[in-house]
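Working notes, beginning with the structure itself.
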Protein chains: 2
Amino acid sequence: MDVLVGLLQLGFTEYEARAYVALLSNPGGTGYEVAKYSGIPRAKIYEVLGSLVARGVVSTSQSDGRALHHALDPESLLRRQVGQVERLRDDLVPVLSALAAQEVLPPLVTIKTYPNIIAGARDIVATARRQLFVSGWWNEVEAILAELTMARKRKVDTYVVVYGEAPPARPRWRHWYSHEIDNRRRISGPPWFIVAADHAEALIGEPTPGSRAVALRTRNRGVAIVASEYIKHDIFLLEASRIMDEKGINLNHDLAHLQSMWFGRRDSDLGGDGSDE
Amino acid sequence: MDVLVGLLQLGFTEYEARAYVALLSNPGGTGYEVAKYSGIPRAKIYEVLGSLVARGVVSTSQSDGRALHHALDPESLLRRQVGQVERLRDDLVPVLSALAAQEVLPPLVTIKTYPNIIAGARDIVATARRQLFVSGWWNEVEAILAELTMARKRKVDTYVVVYGEAPPARPRWRHWYSHEIDNRRRISGPPWFIVAADHAEALIGEPTPGSRAVALRTRNRGVAIVASEYIKHDIFLLEASRIMDEKGINLNHDLAHLQSMWFGRRDSDLGGDGSDE
DNA sequence: TCGTAGTGACTACCAAGGTAACTACTATTG
DNA sequence: CAATAGTAGTTACCTTGGTAGTCACTACGA
């Protein structure tokens, strides 16, 4: 990640970003020096430093009658930004939620572009309460791994099926299943990505790397159930075939540990605190 | 907090904010309807909705060949924003910190405007490791209360002295001391706000409500020690006078000659009342 | 004279806000 | 049946403010 791009995303202008970086590596500079190191025209530098001072990102000190400038350390800068959005969230969410009207019947909504599909998947995982099913390729699963971990910490039953070559960073979760297929070509058509929560909400996506990525997201009950059941069947068959490979007989007994997918959590399954194995 | 202002702070344009709010309270609208509810000129509405769709804040569905629009729910929207800044932080801080050069000797830095003083105080509290001293009026102490709570959770020894009328939301901490004084007028001059951490960093501020607010922030060792010691002495005297009150010892008369340090030639009592725990 | 320090007056460009006028379709009603 | 009003969407153009970028100037000390 280019630092300048990152700072732009924090709302810095290009000059502000360049001045900040220049001040970081050359602390205590006069305006003139900052202009020299940053390549910002001298005619603009005081304006730029002024707006950074107003934002509290740069502070001044006096020495020999000259004004020196000092950059806020990066940790503090980013901590402030995070704190600001968090405070904004705490202020805004209740007001906005009060404004929001309920949709009469859940629409079948189209989501466009890859990052929006990932964001939608994160939403669903982050709001799941009891049961969560995920099926997709490692790239997409990895992108929502932080949220999946949080969900498991919240005691959400989380089932994940990952297609493709076994990834290096594969977490050791109880219900993590791998379809080890060479590459994205093996199974027909484009990649897919399915997230379903609580038999209530689902996202069925086609995370093509290009700009063609599209997904369906809905709280439509039928779709949500189909998505969940599809993944359940997939897992069931995967396990069945594995065990048949090993033994050959009496599948029912061997697959009993999967019954919780359909019948909810049983006492014997309450194996821990979100860190099984 | 006005919702529109809040959304602007999230990087929405005014039209985008108005369209989003209109869509929240009227879900599933055509572009035409959104324009009607939001007051955005029809000529602009598709452009605006388009950029919201591109950002994933609005999604579309089809019904009778018409494109309907649906707003992302506020919790998800704000969760995404928070996650985005957090990811930016994790990416950016290591790179920026690597760029940062150490200042040879800690400067005496001037901080301007009230919010920047508060932000600086938050920085210091958030990075304190062992010992923390805070002295100020309730307004300012309240503004950094969240960070103080975090510091206490990190096992930082936290001492707070609050001037002014006892606030309603006063936390019940072990080292929380109150100087109950009627109003900001009693002690001469403007309000003040002191934060000192680890005998290493200090902020000494003058949080005037207007634009005149100024503070000194520094890692200069001498200043940091003076600030810490000042607050320690203040607490010591406060406690001493409380305990003497309890035991019926009254030195007012014997120390009357010192009262002039604080009150000129008037003789009156110190406000210590022992409302700590 | 050169390097440091700071300022005023420009130009260029673009995103955002704002207006007017247009097409096309549907439903209602006199 | 034609006229009208409302819905749905589009093209063109204009204004404004902020950002980027240039040039030319003053002032000072070594």
Side-chain angles (χ1 to χ4, degrees), chain A residues 2-23 26-55 57-70 107 110 112, chain B residues 2-23 25-55 57-71 107 110 112:
Chain A
D2 184 13
V3 285
L4 291 181
V5 174
L7 291 171
L8 290 191
Q9 284 180 31
L10 293 180
F12 283 56
T13 68
E14 203 191 310
Y15 279 176
E16 285 169 349
R18 275 155 65 183
Y20 176 71
V21 171
L23 263 179
N26 305 87
T30 61
Y32 188 88
E33 283 167 343
V34 179
K36 223 172 46 178
Y37 292 129
S38 61
I40 298 167
R42 280 202 312 287
K44 282 291 143 76
I45 196 65
Y46 297 96
E47 204 178 297
V48 171
L49 287 173
S51 83
L52 286 174
V53 167
R55 284 218 254 156
V57 177
V58 163
S59 308
T60 56
S61 66
Q62 293 285 331
S63 169
D64 305 332
R66 298 184 313 167
L68 304 185
H69 299 81
H70 306 269
T110 306
K112 283 167 192 156
Chain B
D2 184 13
V3 286
L4 291 181
V5 173
L7 291 170
L8 290 191
Q9 284 180 31
L10 292 180
F12 283 56
T13 68
E14 202 190 310
Y15 280 176
E16 285 170 349
R18 275 155 66 182
Y20 176 71
V21 170
L23 263 179
S25 31
N26 306 285
T30 61
Y32 187 89
E33 282 168 344
V34 179
K36 220 171 49 179
Y37 292 129
S38 61
I40 297 168
R42 280 202 313 288
K44 282 289 142 77
I45 196 66
Y46 297 95
E47 204 178 298
V48 171
L49 287 173
S51 82
L52 287 173
V53 168
R55 285 219 254 155
V57 177
V58 163
S59 308
T60 55
S61 66
Q62 293 287 330
S63 171
D64 305 333
R66 298 183 313 166
L68 304 186
H69 299 82
H70 307 270
T110 305
K112 283 166 192 158

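Naming convention: chains lettered A, B, ... in sequence-line order (proteins, then strands); numbering from 1 in each chain. Here the structure is a predicted model, which means the values were calculated and not measured.
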side-chain contact (heavy atoms from CB on, under 4.5 Å) partner of Val57(A), chosen from Leu10(A), Leu52(A), Leu23(A):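 Exactly one option meets the side-chain contact (heavy atoms from CB on, under 4.5 Å) with Val57(A), and it is Leu52(A).
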Calculate, to the nearest 0.5 Å, the distance between atoms OG1 and CZ belonging to Thr30(B) and Arg66(B) respectively.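 Reported value, rounded in 0.5 Å steps: 6.0 Å.
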Rounded to the nearest 0.5 Å, how far apart are NZ of Lys112(B) and OG1 of Thr60(A)?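 If I round to the nearest 0.5 Å, the distance is 4.0 Å.
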Measure the distance from [atom1] on [X] to [atom2] on [N] and round it to the nearest whole Å.
{"X": "His69(A)", "N": "dG6(C)", "atom1": "NE2", "atom2": "C1'", "value": "12 Å"}
{"X": "Leu49(A)", "N": "dG6(C)", "atom1": "CG", "atom2": "C1'", "value": "12 Å"}
{"X": "Arg66(B)", "N": "dG9(D)", "atom1": "CZ", "atom2": "P", "value": "8 Å"}
{"X": "Phe12(B)", "N": "dG17(C)", "atom1": "CZ", "atom2": "P", "value": "13 Å"}
{"X": "Tyr32(A)", "N": "dG3(C)", "atom1": "OH", "atom2": "P", "value": "8 Å"}
{"X": "Tyr46(A)", "N": "dG8(C)", "atom1": "OH", "atom2": "P", "value": "12 Å"}
{"X": "Ile40(A)", "N": "dA5(C)", "atom1": "CD1", "atom2": "P", "value": "16 Å"}

Below 4.0 angstrom from OP1 or OP2 of dT10(D), is there any side-chain N or O of Arg42(B)?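 So the side chain of Arg42(B) is outside the cut-off, no N or O lying under 4.0 Å from OP1 or OP2 of dT10(D).
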What does the list of N/O pairs under 3.5 Å between the protein and nucleotides 19-22 of chain D look like, with a distance for each?
{"from": "dA20(D)", "atom 1": "OP1", "to": "Glu14(A)", "atom 2": "N", "distance (Å)": "2.7"}
{"from": "dA20(D)", "atom 1": "OP2", "to": "Thr13(A)", "atom 2": "OG1", "distance (Å)": "3.4"}
{"from": "dG21(D)", "atom 1": "OP2", "to": "Tyr15(A)", "atom 2": "OH", "distance (Å)": "3.2"}
{"from": "dG21(D)", "atom 1": "N7", "to": "Lys44(A)", "atom 2": "NZ", "distance (Å)": "2.7"}
{"from": "dG21(D)", "atom 1": "O6", "to": "Lys44(A)", "atom 2": "NZ", "distance (Å)": "2.1"}

Picking from dC22(C), dG6(C), dT7(D), which would you name as closest to the side chain of Lys36(B)?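 Among the listed nucleotides, the one closest to the side chain of Lys36(B) is dT7(D).
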Report yes if the side chains of Leu4(B) and Glu14(B) come closer than 4.5 Å at any heavy-atom pair, otherwise no.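 No - every pair of side-chain heavy atoms lies 4.5 Å or more apart.
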Listed pairs under 3.5 Å, donor-acceptor, residues 35-47 of chain A side chains, sequence neighbours left out:
{"from": "Ser38(A)", "atom 1": "OG", "to": "Val34(A)", "atom 2": "O", "distance (Å)": "2.6"}
{"from": "Ser38(A)", "atom 1": "OG", "to": "Ile40(A)", "atom 2": "N", "distance (Å)": "3.3"}
{"from": "Tyr46(A)", "atom 1": "OH", "to": "Tyr32(A)", "atom 2": "N", "distance (Å)": "3.4"}

According to side-chain hydrogen bond (donor to acceptor under 3.5 Å, both in side chains), who are the partners of Glu33(A), at least two apart in sequence or on a separate chain?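 With sequence neighbours excluded, Glu33(A) shows a side-chain hydrogen bond (donor to acceptor under 3.5 Å, both in side chains) to no residue whatsoever.
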